[in-house]
Amino acid sequence: MNVISIDCAARSRAEPCFRIHRYPTALIDRVRLRDGRSVTIRPVLPQDAALQQAFVQALSPAARYRRFHGPVRELPEAALRYMTEVDYASHLALLATTVDASQREIQVAEARWVRREPPDATDVADFALVVADDWQRAGLGALLLGMLADSAAAQGIRRLSGDVLADNDGMCRLLKRCGWRQARDRFDARLVVAHLDLEETFAGQPPAATMAA
């Protein structure tokens, strides 16, 4: 729904070897959706590049356009690395997966947040969400938005924010139902800026536990 993956991939620093220091196993869950289907929610792993690419390629052209705000058919290698080699503290991606008739894992949704860097406020993170066409309207998007908010708050992020295409009615309705505020972008009439203030959302609740190793 916004373009953090493509833009940020071009700016990501080159590292000779990527290592996972702290995989947040507490975020792994198996859930049943309201239409009876089940999915596994888990944080992304570096070896998920092929899974991620297949997911993007399988999206309808309209869904890809709403996610990347452009005519993307597949992700370049740098973008795939950026989207799968995350540190879970400044960048978290959650995948929803299931298995097909051949017992092969397939991805059906993705949600992520990326903490902004100086000179921007580092307690603000940009978010993205996309659900495969055949898996929409089953509660999966709302579930992932809730998990994004919980995990971001646990990492000290105070606000989630992102750009949504103004004609993406389904996403705008979902965000409204989940308590997000929306306003037209002052500089681009095609966009709506959506945000969720996490301190306000979790006011009066016990502090979220830091994500477990």
Side-chain angles (χ1 to χ4, degrees), residues 1-12 33-35 37 39-42 44-45 47-86 91-102 104-114 126-145 147-148 160-178 180 182-185 187-195:
M1 54 150 292
N2 69 27
V3 291
I4 56 175
S5 60
I6 299 295
D7 288 348
C8 293
R11 301 195 301 269
S12 61
L33 304 177
R34 59 174 177 243
D35 63 3
R37 292 181 292 181
V39 295
T40 297
I41 310 292
R42 63 173 178 82
V44 72
L45 288 162
Q47 54 264 40
D48 289 324
L51 190 71
Q52 180 81 67
Q53 186 73 281
F55 170 66
V56 170
Q57 291 172 337
L59 292 172
S60 68
R64 286 197 300 268
Y65 189 88
R66 289 192 294 266
R67 168 62 179 89
F68 298 106
H69 297 188
V72 173
R73 293 187 178 182
E74 63 180 24
L75 299 176
E77 184 178 349
L80 278 175
R81 288 198 305 270
Y82 176 79
M83 295 176 74
T84 56
E85 297 179 2
V86 306
H91 184 175
L92 174 73
L94 297 173
L95 308 184
T97 69
T98 187
V99 293
D100 62 14
S102 302
R104 180 185 61 178
E105 185 181 32
I106 58 172
Q107 183 180 335
V108 298
E110 171 202 288
R112 70 179 64 231
W113 52 257
V114 180
D126 294 308
F127 83 101
L129 170 68
V130 61
V131 178
D133 300 74
D134 292 342
W135 289 78
Q136 296 177 12
R137 293 173 292 279
L140 184 52
L143 173 67
L144 288 170
L145 282 176
M147 294 183 71
L148 279 189
L160 291 173
S161 181
D163 297 332
V164 184
L165 291 171
D167 61 0
N168 190 350
D169 296 332
M171 181 63 71
C172 290
R173 288 195 301 268
L174 172 63
L175 292 170
K176 183 177 181 179
R177 288 199 306 270
C178 293
W180 291 62
Q182 302 171 58
R184 286 278 186 164
D185 190 295
F187 305 104
D188 190 338
R190 301 175 309 141
L191 300 178
V192 169
V193 180
H195 75 267

Shortest non-hydrogen contact from Leu144 toward Ala111: CB-CB, 3.9 Å
Minimum heavy-atom distance Leu145-Cys178, with the two atoms named: CD1-SG, 3.9 Å
Inter-residue atom distance Phe127.CZ - His195.NE2, 0.5 Å rounding: 11.0 Å
Check: Asp163 and Val193 side chains under 4.5 Å, non-hydrogen atoms: yes
Value rounded to 0.5 Å, distance of CD in Gln136 from CG in Leu174: 10.0 Å
Cys172 backbone acceptor or donor facing Gln182 side chain under 3.5 Å: yes
Side chains of Ile41 and Leu140 in contact at under 4.5 Å (non-hydrogen atoms): yes
Arg42 bridged to Asp48 by N-O distance under 4.0 Å: yes
Phe55 and Val130, any side-chain heavy atoms less than 4.5 Å apart: yes
Straight-line distance of Arg73 CZ to Leu59 CG, nearest 0.5 Å: 14.0 Å
Nearest-0.5 Å distance, CG of residue Leu95 to CD1 of residue Ile106: 12.5 Å
Sole candidate of Thr40, Thr98, Thr97 that passes side chain to side chain donor-acceptor pair (under 3.5 Å) when paired with Glu105: Thr97
Rounded distance [0.5 Å steps], CG in Leu75 versus OH in Tyr82: 12.5 Å
Arg64 side chain vs Gln57 backbone, donor-acceptor pair below 3.5 Å: yes
Min side-chain heavy-atom separation Val72-Arg67 under 4.5 Å: no
Check: Leu191 main-chain N/O paired with Asp185 side-chain donor or acceptor under 3.5 Å: no
Shortest non-hydrogen separation from Arg137 to Asp133 and the atoms involved: NH2-O, 4.4 Å
Between CG on residue Asp35 and CH2 on residue Trp135, distance to nearest 0.5 Å: 7.0 Å
Donor-acceptor contact present, side-chain Glu74 to main-chain Gln53, <3.5 Å: no
Closest non-hydrogen atom pair between Ala138 and Arg37, with its separation: CB-NH2, 4.5 Å
Minimum-distance pair of heavy atoms, taken over all atoms of Ala166 and Arg184: CB-NH1, 3.2 Å
Close side-chain approach of Leu129 and Leu148, heavy atoms under 4.5 Å: no
